[in-house]
Amino acid sequence: MNTAAAGTRPYSSPKRATSAQETGRRILQATEDLFMEGPLADVTLGAVAARAGVTVQTIIRRFGDRAGLIDASAKAATARVDNQRSAVPPGDVPAAVDNLLEHYETTGALALKLLAEEQTSPVLAEITGGARRLHREWCRRVFAPFLDPLKGSPDHDRRLAQFVALCDVYTWKLLRLDAGLSRGQVARSLLEMLEPFTRRP
């Protein structure tokens with residue numbers, strides 16, 4: 001039987017899945033945007049629903065409750081950062097700096113907002129703790145050729161801590177936002193600061 005001829009609209013699973021995916025993306029983006037505009041307490045299900053153009057029930061069906069929504073939003077942001085930061089090959093310092101600045105130029109404001117409010121909420125503290133671990137592991141992987149020769153000595157942990165500090169979002173903030181340097185000047189500054197630790201024999 002021809003369902004189209006009978007007046008029945010054919011079911012389109014791919015189209016439905018795409019629509020659901022877009023709805024989820026809008027909800028998560030609305031959650032992140034609202035957090036950037038005010039304290040976490042203002043990120044309510046009602047506010048997110050209004051911003052995303054959906055009902056509160058849609059959010060509940062998809063994410064369970066407010067805690068589930070915030071957790072999903074944090075995981076989406078973390079996955080986005082991890083995917084972007086994982087593109088750098090170990091030992092390529094200029095590429096590492098460029099990758100780092102691309103990350104901070106797009107999400108540095110969010111990172112600073114999270115850090116500024118982490119003491120006000122266990123949820124935010126968990127998010128920033130995960131971000132610190134991700135950043136440390138990124139430094140360990142990207143600067144591995146300069147760290148591996150130091151394994152087994154106290155110098156290894158000190159050198160890793162130096163890489164973590166030099167590549168931290170607060171270092172970017174001091175150079176880019178507080179000092180007003182251009183992105184290119186920030187890149188040059190970071191390369192100059194990293195140079196003593198990344199000289200090849």
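With sequence neighbours excluded, the residues satisfying salt bridge (Lys or Arg N to Asp or Glu O under 4.0 Å) with D155 are R158. Residues meeting the side chain to side chain contact (heavy atoms under 4.5 Å, CB included) test with T78, sequence neighbours left out: L134. For R85, the side-chain hydrogen bond (donor to acceptor under 3.5 Å, both in side chains) partners at least two apart in sequence or on another chain are H103, H135. Every residue meeting the side-chain hydrogen bond (donor to acceptor under 3.5 Å, both in side chains) condition with T128, not counting sequence neighbours, appears here in chain and number order: E118. R188 pairs by the salt bridge (Lys or Arg N to Asp or Glu O under 4.0 Å) definition with E192, not counting sequence neighbours. Judged as a side-chain hydrogen bond (donor to acceptor under 3.5 Å, both in side chains), and not counting sequence neighbours, R66 has no contacts. With sequence neighbours excluded, the residues that form a side-chain hydrogen bond (donor to acceptor under 3.5 Å, both in side chains) with D71 are K75. With sequence neighbours excluded, no residue forms a salt bridge (Lys or Arg N to Asp or Glu O under 4.0 Å) with R136.
For residues 41-52, the set of pairs meeting the side chain to side chain donor-acceptor pair (under 3.5 Å) definition, not counting sequence neighbours, comprises E37-R51. For residues 87-96, the set of pairs meeting the salt bridge (Lys or Arg N to Asp or Glu O under 4.0 Å) definition, not counting sequence neighbours, is empty. The stretch residues 165-183 participates, sequence neighbours left out, in these salt bridge (Lys or Arg N to Asp or Glu O under 4.0 Å) pairs: D98-R183, E102-R183, E105-R176, K173-D178.
Here L190 contributes atom CG and L100 contributes atom CG; the two are 6.5 Å apart, rounded to the nearest 0.5 Å. Within the model, atoms CD1 of I27 and CD of E22 stand 10.0 Å from one another, a figure rounded to the nearest 0.5 Å. Taking CG from L177 and CH2 from W172, the interatomic distance works out to 4.0 Å, rounded to the nearest 0.5 Å. Separation of atoms CH2 (W138) and CG (D82) is listed at 12.0 Å; rounding is to 0.5 Å. Rounded to the nearest 0.5 Å, atoms CG (L114) and CE (M36) are 8.0 Å apart. In this structure, Q162 CD and L166 CG are separated by 7.0 Å, a value rounded to the nearest 0.5 Å.
Of the possible donor and acceptor atoms, none in the side chain of T171 sits under 3.5 Å from a partner among the backbone N and O of C167. Remark: the backbone N or O of N99 is paired with a side-chain donor or acceptor of Q84 at under 3.5 angstrom. Looking only at distances, a side-chain donor or acceptor of T23 sits under 3.5 Å from a matching main-chain atom of S19. For the pair R141 (side chain) and V88 (backbone), a donor-acceptor distance under 3.5 Å is present. With hydrogens and angles ignored, the 3.5 Å screen pairs no side-chain donor or acceptor of T107 with any backbone N or O of L110.
Considering only heavy atoms from C-beta on, I70 stays 4.5 Å or farther from F35 through its side chain. Within the 4.5 Å cutoff, the side chain of T120 has no heavy atoms near those of the L40 side chain. Considering only heavy atoms from C-beta on, R25 stays 4.5 Å or farther from L28 through its side chain.
Taking every heavy atom of both residues into account, D65 and L45 meet most closely at C-CD2, 4.3 Å. G38 approaches E117 most closely through the heavy-atom pair O-OE2, 4.0 Å. In plain terms, the two heavy atoms of A74 and I127 that are nearest each other are CB-CD1, 3.4 Å. Contact between V48 and A30 at its shortest, heavy atoms only, is O-CB, 3.9 Å.
With salt bridges taken as basic N to acidic carboxylate O contacts below 4.0 Å, none links R133 and E137.
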Run the side-chain donor-acceptor check on residues 142-150: report pairs under 3.5 Å with partners two or more places apart or on a different chain.
none

